[in-house]
Amino acid sequence: MPHMPASHPIAAQPFAYRLPPGRTALVIIDMQRDFIEAGGFGAALGNDVSLLQSAIAPTQALLQAWRARGWPVVHTRESHAHDLHDCPPAKRDRGSPTLRIGDPGPMGRLLVRGEPGNAIIPALAPIAGEVVIDKPGKGAFYGTALHEALQVRGVTHLVLAGVTTEVCVQTTMREANDRGYDCLLVDEATQSYFPEFKAATLAMITAQGGIVGWVAPLAAVLQALPPAP
Ligand code: C5J
């Protein structure tokens, strides 16, 4: 690992977060057309997808900061195989959506790998060298090689962004916490279809001395980073 200048402590809740440069991955959860655009899975569940828009620009700012420093970036996509063998009936059959996982919609089959709607939105599209994890569950560690991908890169800390806060972001953060990663969620870079659930999630994460991890505003993260080379 090349020498990296130390970062300043990030002013976070419930206390300052120390980010080891080069060992901290940016993990962007499920910023997919299926959740953010009309006609996708999120809309089929009856949600107002416009509520997620505000997370895009802050996530772009984090992505630019990580790319400028050559630090590890991970993108995840909630997605299933064409034959849905990795989609349990309990997931597909739940509730009364207008369309179910695997059904054809205006952006192709919902939550199916390779379909147009399953892609990450163009504003945050992965570039060569970044890790892309297709995940069949809500947590990004379940049924994936994410832990191994982080281990080979020497990653010990995760900065998280993405959607939705209380579902895939929180589940991933809890999975990561149990695997020993120090995790920080960036407030403006995550969103929920339910603002009250986002607020509750941030409170849950930081309660009890940071039982799941840390939360910080975008500005506090960006201003604490060492200068880009
Ligand atoms: C959901 C996600 N909400 N990415 N997925 O079903 O949070």
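Bear in mind that the values here come from a model prediction, so they are computed numbers and not experimental data. The figures that follow rest on heavy atoms only: side chains count, while hydrogens, waters and symmetry mates do not. When a residue number appears, it is its place in the shown sequence, counting from 1. We count ligands from 1, going down the list as the structure has it; atoms in each ligand are counted the same way.
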Lys198/Asp187 ion pair, N-O < 4.0 Å: yes
Atoms of ligand 1, numbered as shown, that sit under 4.0 Å from any heavy atom of Asp30: 2 (C), 4 (N)
Within reach of ligand 1, part of Ile29 (heavy-atom separation under 4.0 Å): neither
Sub-4.0 Å atoms of ligand 1 with respect to non-hydrogen atoms of Val167: 1 (C), 3 (N), 7 (O)
Protein heavy-atom partner closest to atom 6 (O) of ligand 1 - residue, atom, separation in Å: Lys138 NZ, 2.8 Å
Proximal ligand 1 atoms for Val163, defined as those under 4.0 Å from one of its heavy atoms: 2 (C), 4 (N), 7 (O)
Donor-acceptor contact below 3.5 Å, side chain Trp214 vs main chain Pro14: no
Identity and separation of the nearest protein heavy atom to atom 2 (C) of ligand 1: Cys168 SG, 2.7 Å
Distance from atom 3 (N) of ligand 1 to nearest protein heavy atom, with residue and atom: Thr164 OG1, 3.3 Å
Ser79 side-chain N/O to Asp134 backbone N/O, donor-acceptor pair under 3.5 Å: no
Side-chain heavy atoms of Leu26 within contact of Pro72, under 4.5 Å: no
Aromatic plane relationship, Phe141 with Tyr181 - under 30° parallel, 30 to 60° tilted, over 60° perpendicular: tilted
Under 3.5 Å donor-acceptor, Gln32 side chain and Asn118 backbone: yes
Which residue and heavy atom of the protein sit nearest atom 5 (N) of ligand 1, plus the separation: Glu78 OE1, 2.9 Å
